[in-house]
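Okay, so here's the structure we're looking at.
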Protein chains: 2
Amino acid sequence: MATIKDVAKLAGVAVSTASYALNHKSRVNAETAKRVLEAAKTLNYQKNGIARDLKRSKTETIGIIVQDLSGPFYSELMRGVQDTLLTHQYGLIACSSIGGNVTTASKFLQERRVDGVIILAESLPDELILQSVREDFPIIVLDRKLDSDSIIHVLVDNFSGGYQATQHLIDLGHKELAYIGGPSHNRDNQLRFEGYKQALKDSGITLHPSWILQGQYTREGGYSAAKILMMQGNAPSAVFCANDEMAVGALKAFKESGLHIPNDLSIIGFDDIEISQYISPPLSTVKQSNYEIGSLAAHLIYQALNEGIEGKDYILPTELVLRKSTSATKKMEA
Amino acid sequence: MATIKDVAKLAGVAVSTASYALNHKSRVNAETAKRVLEAAKTLNYQKNGIARDLKRSKTETIGIIVQDLSGPFYSELMRGVQDTLLTHQYGLIACSSIGGNVTTASKFLQERRVDGVIILAESLPDELILQSVREDFPIIVLDRKLDSDSIIHVLVDNFSGGYQATQHLIDLGHKELAYIGGPSHNRDNQLRFEGYKQALKDSGITLHPSWILQGQYTREGGYSAAKILMMQGNAPSAVFCANDEMAVGALKAFKESGLHIPNDLSIIGFDDIEISQYISPPLSTVKQSNYEIGSLAAHLIYQALNEGIEGKDYILPTELVLRKSTSATKKMEA
DNA sequence: CTGTTAGCGCATTCAC
DNA sequence: GTGAATGCGCTAACAG
């Protein structure tokens with residue numbers, strides 16, 4: 001492979017001159033520059049980015065670590081990141097967090113192959129992240145809270161989201177409200193649950209323990225939880241699922257039992273995943289503005305890299321997406 | 001940031017010794033090694049991967065360029081790539097092709113930041129790829145054919161897929177077969193169309209020009225094409241859509257017009273995208289084994305890097321996925 | 001087993 | 001406007 005040395009030699013100039021010419025610095029005589037560019041072309045010269053990065057000790061690209069490259073990951077979020085990074089002339093590369101800690105993720109985190117990193121992977125061990133903290137290496141963690149004030153957090157207001165969803169059901173006249181939750185140690189789930197409880201409390205509705213179920217955030221879990229709910233005999237009039245996956249599963253279970261959604265039972269999810277709008281009936285849900293999250297994360301990293309930054313924690317609001325799976329109670333209609 | 005030099009100094013050894021110790025080579029005395037590791041820890045030393053890569057002139061990671069990181073990209077394919085690369089201890093990083101040719105994609109392609117690259121992005125200009133051809137830098141292009149024999153192609157047998165889909169419809173007794181195609185310059189579409197034509201020909205069915213429509217591979221395009229089909233008066237008894245997106249759109253149009261699928265009309269797609277199984281009725285389609293494609297691509301790149309390779313073009317078969325959107329003609333049933 | 005040294009390929013400072 | 005020299009941080013001969 002031709003190096004800049006070869007180019008310089010062929011053009012009959014010093015390496016430094018070749019470098020200037022190749023990088024379009026104005027210092028070089030137009031004539032000379034032309035000769036260099038030609039030499040580069042005939043040699044099929046391609047710069048070695050690694051050497052360049054090493055010399056300049058920056059890469060001008062930032063990494064994003066996702067749970068699993070084979071997604072489906074938050075496409076809107078990714079778009080947000082991409083767009084704003086692009087306007088700042090930064091590159092973006094993604095890698096997955098799977099594979100233990102001898103993976104590409106750790107290469108990003110620990111080996112300075114990127115100038116900063118955005119983490120969107122629950123499964124990446126806290127310690128790995130904490131170990132990677134160092135000066136001038138911004139780390140943005142999405143949707144997760146770590147105990148270090150060198151790390152910038154971008155969080156979604158799960159509490160308010162849970163509150164919103166529940167309140168919506170209450171506004172519709174429902175008083176018998178079940179909750180199908182995610183893994184109990186999951187922070188998002190905890191906060192959504194808190195929001196649910198607070199909304200009930202504010203409306204003076206008592207919480208009914210047998211209506212609090214666990215669905216592990218999976219479609220199957222939601223399905224089972226719904227089945228259990230029905231087997232108990234005292235079915236609620238509405239259910240709030242802590243994510244859409246579970247809502248999809250629950251919906252299926254209810255429909256299989258001959259219940260009509262939303263006439264017999266209202267159901268609301270959380271996340272607004274893609275298929276929520278395609279299922280029947282289309283699912284009402286709570287949406288996080290993922291584009292905004294991504295865009296904010298990218299912006300923060302850019303700022304951290306170029307201007308410095310003070311605040312550390314950012315909390316973004318949620319919004320209600322009303323579709324066809326929720327409606328007023330029959331009681332009200334009557 | 002601490003460098004290996006600092007570590008060596010603190011441990012009171014030479015840099016090389018520190019390097020060996022840090023890389024767990026057996027050459028170093030256990031005692032010394034321990035001292036080095038400790039020094040590294042107290043200094044919070046983290047290796048500079050860039051410098052390492054430069055020195056060794058290899059990165060042990062390969063890049064995959066996708067159309068748009070904000071997907072939905074072929075998750076099965078990605079999983080195939082990931083899995084097999086992992087078994088070979090290679091890392092994987094992904095980037096998007098958007099943003100002109102000053103992007104991360106070109107950094108992958110031209111600046112030796114990865115050892116090889118898999119391209120899954122239609123929009124990436126041919127020239128950019130062709131320019132990046134060089135020795136010992138394997139380039140695998142998926143689902144697209146370029147004019148260079150240094151490039152390895154992995155293609156799907158679109159012709160057979162088109163043939164399969166059409167033949168399935170014919171086997172069901174259909175003789176009035178419409179085709180809703182993608183962009184006419186699109187090679188996949190051309191081949192699928194060829195397959196369709198061949199199947200008709202082999203069964204002695206004459207092709208009906210007014211049943212050949214264009215849907216641009218989009219849901220809306222499929223919808224419009226279906227509408228046109230119905231407005232023409234002589235509706236076919238079955239339609240083959242060159243991709244699932246269009247099939248989804250067409251399905252919607254037909255249902256809106258009161259047709260019952262599959263009783264009144266059979267419809268088959270291509271790709272087996274995720275929602276195909278959730279729509280009503282679930283869509284029959286033709287599937288490419290994306291996992292296999294990804295896995296093959298990864299395997300090829302590994303081979304090219306480590307053992308050399310001879311063959312250049314690989315064509316993978318398609319398979320029929322039968323669901324509820326196709327059935328025997330009413331005529332046959334009668 | 002350990003230390004010395006020479007680059008990897010490039011950008012950049014300082015002379016001229 | 002151009003060239004010579006330096007070093008980014010690391011690994012891998014080679015010597016001891």
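Both Gly49(A) and Val28(B) sit near DNA chain C, but only Val28(B) has its closest nucleotide nearer the 5' end.
Within the 3.5 Å criterion, the main-chain N or O of Ile273(B) finds no donor-acceptor partner in the side chain of Asp271(B). The backbone N or O of Arg144(B) sits nowhere less than 3.5 Å from a side-chain atom of Arg187(B) that would complete a donor-acceptor pair.
Across the protein-nucleic acid pair, Arg52(B) atom CZ and dG9(C) atom C1' stand 18 Å apart, rounded to whole Å. Atoms NZ (Lys58(A)) and P (dA11(C)) sit 12 Å apart, rounded to a whole Å. Distance, Leu22(A) CG to dT12(C) P: 13 Å, rounded to whole Å. The nearest whole Å value for the distance from the NZ atom in Lys9(B) to the P atom in dG9(D) is 13 Å. The distance between atom CD of Glu60(B) and atom P of dT11(D), rounded to the nearest whole Å, is 12 Å.
Nucleic acid contact class of Asp53(A) (heavy atoms, under 4.0 Å, all strands): none.
A salt bridge links Asp68(A) with Arg79(B): the distance from a Lys NZ or Arg NE/NH1/NH2 to an Asp or Glu carboxylate oxygen falls below 4.0 Å.
In this pair, His88(B) and His299(B) present their aromatic rings tilted. The plane angle is within the 30 to 60° band.
The side chain of Asn29(A) sits closest to dT2(D) out of dT2(D), dC10(C), dC10(D). Relative to the side chain of Ala14(A), the nucleotides dA4(D), dG3(C), dG9(D) differ in distance, and dA4(D) lies closest. Listed nucleotides: dC8(C), dT2(D), dC10(C). Nearest to the side chain of Ala51(A): dC10(C).
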Are any protein N/O atoms closer than 3.5 Å to N/O atoms in nucleotides 12-16 of chain D? If there are, list each pair with its distance.
none

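Close to dC8(C), at under 4.0 Å from its OP1 or OP2, lies no side-chain N or O of Asn48(A).
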